[in-house]
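Quick note: numbers below take in every heavy atom, side chains included, and nothing from hydrogens, waters or symmetry partners. Only a predicted model underlies this, so the values are computations on that prediction, with no experimental measurement involved.
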Amino acid sequence: MKKEEPRWLMVLKVALPLCLSYVPIGLACGILLNVAGFNTILTGLVSIMVFSGGAQFLIASMLTAHAPLHTVLLMLFFLELRYALLGSSISQYLHHTSRKFLYIFAVSLNDENYAVNYLKFATDKSWTPRNALMIEHYSLLFWTMANIVGSLIGGILTINLSIVDFALTSLFLYMIVMQLGNRLTIFISVFAGCLAAFFMVLLKSTMGLVVSTVIASLAGFMLEDYLVKHGKQRGFWLRKIKPKASRKVISKSGDS
């Protein structure tokens, strides 16, 4: 009789591709945080408490550029506001769990482990909330360790601070390139860039980035919802940018 595989090992195999993908970018993030003035202990704490590559790169970039603290906090707030949407969409699979569980699940949620868990919930009926929490903790462990090692490397190397100015830009350009198949993402990215240029000139401060981010995010959310509901009945260009799959489509495919 074949021995049943331990749950921790089964979940680790699911999480391993995600965890390994964290290593190179986690090392880079740790190095940049060290350049921004964070020691190894603070880097580890930020990794655990923030657990967001985009947010941590933003912290490193803006502190290195001597941005005011209130601007950094405001940018972080709007950048991380998307987790309210991610959390609400995955909450349908977390019924009958305790408040304590939901709190622990929420603080270790990020974009990548959300994507893995949502797909598993939608396609695997045996996937449980505890399995999902293990995915989050595995990814958090790998990310934190990569950040700490990167911080140690950053303490040894001498790095030109000018490279930090391009780190966050490079990160988000990479994220856009990885979604080139999604025309709606490209459209909203161009729209957000135009808004950012306009409001930066208008407001003459980094608050222009905050305003453009909020407007572009709301526009993208409303446009996606509209296209999913009405894209087939509308014109050629609306059908072209209509997303191929949405949260509802994925959920239905998992129920079939």
Side-chain angles (χ1 to χ4, degrees), residues 15 17-38 40-65 67 69-91 102-118 132-151 154 164 166-179 185 188-189 192 206 209-210 212-214 216-217 220-221:
L18 167 62
C19 294
L20 292 178
S21 72
Y22 276 159
V23 174
I25 197 162
L27 291 173
C29 186
I31 292 172
L32 291 178
L33 285 171
N34 179 269
V35 172
F38 287 75
T40 304
I41 295 176
L42 284 177
T43 298
L45 289 174
V46 169
S47 304
I48 294 172
M49 298 178 68
V50 178
F51 191 26
S52 170
Q56 289 173 229
F57 273 98
L58 177 69
I59 291 171
S61 300
M62 296 192 73
L63 289 181
T64 304
L69 184 59
H70 70 273
T71 302
V72 177
L73 293 175
L74 201 57
M75 289 293 291
L76 286 175
F77 173 77
F78 286 113
L79 179 64
E80 302 301 276
L81 198 58
R82 68 190 185 279
Y83 287 120
L85 296 176
L86 298 184
S88 64
S89 69
I90 204 170
S91 63
L102 290 175
Y103 175 76
I104 296 173
F105 189 92
V107 297
S108 51
L109 176 70
N110 77 352
D111 301 85
E112 294 80 17
N113 59 43
Y114 162 84
V116 172
N117 279 325
Y118 196 94
L133 185 61
M134 289 178 69
I135 290 283
E136 291 190 351
H137 287 172
Y138 281 134
S139 59
L140 176 59
L141 174 63
F142 273 73
W143 174 256
T144 302
M145 294 305 298
N147 275 207
I148 291 174
V149 173
S151 178
V164 182
F166 301 98
L168 190 64
T169 304
S170 301
L171 173 66
F172 284 106
L173 284 176
Y174 169 77
M175 293 170 67
I176 292 172
V177 170
M178 291 299 291
Q179 300 184 67
T185 299
I188 294 299
S189 298
T206 51
L209 295 177
V210 176
S212 60
T213 299
V214 174
S217 299
F221 177 77

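C19 approaches F142 most closely through the heavy-atom pair CB-CG, 3.4 Å. A pairwise comparison of heavy atoms in G150 and I31 identifies O-CG1, 3.1 Å as the closest pair. Summarising the geometry of A146 relative to V23, their closest heavy-atom pair is CB-O, 3.8 Å, with the distance given to 0.1 Å. Minimum heavy-atom separation, L86 to Y114: O-CE1, 3.3 Å.
Under the 4.5 Å side-chain criterion, counting only non-hydrogen atoms from C-beta, I104 is in contact with H137. Looking at heavy atoms from C-beta onward, L27 lies in side-chain contact with V149 at the 4.5 angstrom threshold.
For the residue pair Y83 and N110, no side-chain donor N or O sits within less than 3.5 Å of a side-chain acceptor on the partner. In this structure, a donor-acceptor pair under 3.5 Å is absent between the side chains of S139 and E112.
Under the side chain to side chain contact (heavy atoms under 4.5 Å, CB included) criterion, L102 pairs with L94, T97, sequence neighbours left out. Shown here are the side chain to side chain contact (heavy atoms under 4.5 Å, CB included) partners of L69, two or more places apart in sequence or in another chain: L73. Contacts of T144 classified as side chain to side chain contact (heavy atoms under 4.5 Å, CB included), with partners at least two apart in sequence or in another chain: S47, I48, L140, I148.
Remark: L58 CG to L76 CG distance equals 5.0 Å, nearest 0.5 Å. To the nearest 0.5 angstrom, Y118 atom OH is 15.0 Å from N113 atom CG. Put simply, CD1 on I25 and CG on L32 are 10.0 Å apart, with the number rounded to the nearest 0.5 Å. Note that the OG atom of S108 and the CG atom of L141 stand 12.0 Å from one another [nearest 0.5 Å].
Between F51 and W143, the two ring planes are tilted [angle within 30° to 60°].
Formation of a donor-acceptor pair under 3.5 Å by the N147 side chain with backbone atoms of G26 is found in this model. Here the side chain of N117 pairs a donor or acceptor atom with the backbone of A132 at under 3.5 angstrom.
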